[in-house]
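Atoms within each ligand, like the ligands themselves, are counted from 1 in listed order.
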Amino acid sequence: MTTTAVDPRVELAERIARLKQQRRAVILAHNYQLGEVQDIADFVGDSLELSRRATQVEADVIIFCGVMFMAETAKLLNPQRTVLIPDPLAGCPMCDMAPVEAVRKRKAELPGVPVVAYVNTTAAVKAEADICCTSANAVKIVNGLPDKRLLFLPDRNLGHWVQRHTDKEIILWDGYCPTHQRITARDVKRLKAEHPNAVVIVHPECTPDVIDLADEVLSTGQMLRWARESHAKEVIVGTEIGLIHRLRQENPEKTFYPISELTTCPNMKRITLEKVVWALEDMQYEVTVPADVAEKARRAIERMLEVV
Ligand code: SF4
């Protein structure tokens with residue numbers, strides 16, 4: 001007699017679907033999540049898309065599959081809803097490179113200089129900012145400000161990319177994404193030599209020498225759109241490896257090469273199907289932001305959403 005093994009992911013996905021209905025919950029997932037987590041989400045997107053989506057949610061509960069600053073952003077935009085993150089230790093090292101005390105100190109050294117905060121910041125830092133931005137809209141946000149000089153934090157690489165597209169003076173913060181930092185120009189050159197017909201697309205969190213080798217510099221949402229619309233058959237991709245899942249799913253006739261297998265964000269991968277089940281069963285872990293911080297931080301995000 002033979003027995004057919006049931007894929008545990010199918011069973012977990014079914015439990016999640018049942019629990020979601022019971023809790024009147026919606027699942028939002030970032031493009032860098034594990035493929036199986038992306039597959040059970042109601043909506044998958046980049047930071048900007050998820051911020052927008054969070055404002056349109058009708059469910060009572062938002063299960064946020066991403067890292068803490070993203071779940072905080074969903075909470076800021078949905079103060080009346082319960083926002084849960086399946087693993088409260090899913091942080092962002094880049095975000096941690098801009099502690100609020102250091103940001104306040106730097107602001108004091110630069111009186112009158114506006115602060116543009118990448119969404120990869122804590123709610124407390126957003127509350128210190130004049131406006132937020134994502135990698136998809138950073139250039140537009142900076143160019144839309146009347147000021148000639150501004151402090152951009154925390155990502156020095158994204159700030160450097162913006163500097164190439166503005167005549168304003170960008171004062172950089174010395175933060176970076178350790179995952180994108182692992183993408184090297186040497187890897188790009190090697191892959192280009194192996195696949196001479198491939199187009200190179202990279203995220204603006206990559207270092208300037210990698211950006212110099214790219215054909216396109218795009219946020220993850222822009223990469224997905226570009227891949228759908230482009231005629232390129234082979235694409236070398238420089239961002240967190242989770243995006244490859246969706247690129248391949250949506251474009252089965254095209255070939256995608258990650259620049260490096262090392263581009264895994266361990267924090268993004270902390271969210272698993274099991275943890276999503278536990279989040280729904282036990283209503284954990286609730287994301288909260290103190291009211292005074294939330295009000296100021298929300299203003300910085302809403303200003304961004306008004307511009308884009
Ligand atoms: S990929 Fe980089 S920026 Fe994104 S959450 Fe991970 S460490 Fe933070």
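Classification of Lys107 and Asp130 as a salt-bridged pair fails, no side-chain N sitting under 4.0 Å from a carboxylate O.
Of the N and O atoms on the side chains of Tyr32 and Thr239, at least one donor lies less than 3.5 Å from an acceptor on the other residue.
Within a 6.0 Å radius of CD in Glu295, other residues, nucleotides and ligands contribute 12 heavy atoms or fewer. Applying the 6.0 Å contact sphere to CZ of Phe69 captures more than 12 heavy atoms from other residues, nucleotides or ligands. Within 6.0 Å of CZ in Arg228 there are more than 12 heavy atoms belonging to other residues, nucleotides or ligands.
Taking atom 3 (S) of ligand 1 as the reference point, the nearest protein heavy-atom neighbour is Asn120 ND2, 3.2 Å.
For atom 6 (Fe) of ligand 1, protein N/O/S neighbours under 2.8 Å (waters excluded) are Cys265 SG.
If you chain together hydrophobic residues whose side chains sit under 4.5 Å apart, Ile40 and Ile85 fall into the same group.
Near Glu205, the atoms of ligand 1 lying under 4.0 angstrom from a non-hydrogen atom of the residue are 3 (S).
Put simply, the residue from Arg9, Lys269, Lys275 that forms a salt bridge (Lys or Arg N to Asp or Glu O under 4.0 Å) with Glu36 is Arg9.
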